[in-house]
Amino acid sequence: MIIIVNKKRFALSVACIAAAVLLAVGLAARPVKKIIYPLKFSDIIYKYSEQYNLDPYLVMGVISAESRFDPNAKSHRDAKGLMQIRDDTARWCAEKFNTDVSAENLFDPETNIAIGCAYINYLLQIFGGEVETALAAYNGGQGNVSNWLNDGRYSSDGKRLYKIPFGETERYVEKVLARQRIYRKLYR
């Protein structure tokens, strides 16, 4: 019996099988994960992480969760840019941190990351360095988190949340923390 094989298809099949085997044994996992979890704007991230005393991998996790590193991202709630900053938050940060920021430049990566890092730093200070609590406030609002901390159903010590009543915010915190770990492992 003679089997006629299309050489291009055969080569592609062999390449796909080889890639699957490499993935299965973990040899190609890191390069593939870097495609799934890209890192852009690292110089800006490191600059403002250092300036605001933040873990750069946390900032990467926030950006990944918020915009997947798309500087032109815009949410249905009108949050803009890499770290999904709303106009009112940008105005508040500009006044609070004495910076020149306007809603028009929220799509600029440097401006957006600078504001986002300043705001995360502020939230960490307000919430005693509790990362999960600060992230909940970043997503669900500072006022909501303050109320939850004063409610025994969500916090037993007034500092940490053991339950987040907004499902979206709870998933957000988990997603950012998971991505922080991934970015630390991939880009350290």
For E130, check salt bridge (charged side-chain N to carboxylate O under 4.0 Å, His left out) against everything at least two apart and list the hits.
R160
side-chain hydrogen bond (donor to acceptor under 3.5 Å, both in side chains) filter on T89, not counting sequence neighbours, yields none
Using only atom types and a distance under 3.5 Å, with no angle test, would you say the side chain of N112 pairs donor to acceptor with the backbone of L106?
yes
How would you list, by chain and number, every residue that makes a ring-ring contact (aromatic ring centres under 6.0 Å, His included) with F69, sequence neighbours excluded?
Y183
Applying salt bridge (Lys or Arg N to Asp or Glu O under 4.0 Å) as the test, list every pair that has at least one member in residues 35-47; sequence neighbours left out.
K47-E110
Those residues that, when tested against K96, pass side-chain contact (heavy atoms from CB on, under 4.5 Å) (two or more places apart):
W92, Y122
So does K185 have more than 12 non-hydrogen atoms from other groups sitting under 6.0 Å from NZ?
no
Sorted by chain and residue number, the ring-ring contact (aromatic ring centres under 6.0 Å, His included) partners of Y48 (sequence neighbours excluded) come out as none
Can you pull out every side chain to side chain donor-acceptor pair (under 3.5 Å) where at least one residue sits in residues 53-66? Sequence neighbours excluded, please.
D55-Q180, D55-R184, S64-R68, S64-R179, E66-Y172
Suppose we screen for side-chain contact (heavy atoms from CB on, under 4.5 Å). Which residues come up paired with L149, at least two apart in sequence or across chains?
F127, T133, V145, S155, L161
According to side-chain contact (heavy atoms from CB on, under 4.5 Å), who are the partners of D88, at least two apart in sequence or on a separate chain?
R86, R91
Any T169 side-chain heavy atom under 4.5 Å of N144 side chain:
no
Would Y46 and L186 show up in the same hydrophobic cluster when neighbours are defined by side-chain heavy atoms closer than 4.5 Å?
yes
Could you tell me the separation between the CG atom of N121 and the SG atom of C93, rounded to the nearest 0.5 Å?
10.5 Å
D151: partners by salt bridge (charged side-chain N to carboxylate O under 4.0 Å, His left out), with sequence neighbours left out
R153
Given the options I85, I45, V62, I113 meets side-chain contact (heavy atoms from CB on, under 4.5 Å) only with I45
By salt bridge (charged side-chain N to carboxylate O under 4.0 Å, His left out) - contacts of K159 (at least two apart)
none
Has Q84 got a side-chain atom pairing as donor or acceptor with A65's backbone, closer than 3.5 angstrom?
no
Who passes side-chain contact (heavy atoms from CB on, under 4.5 Å) against E168, sequence neighbours left out?
R77, N139, R171
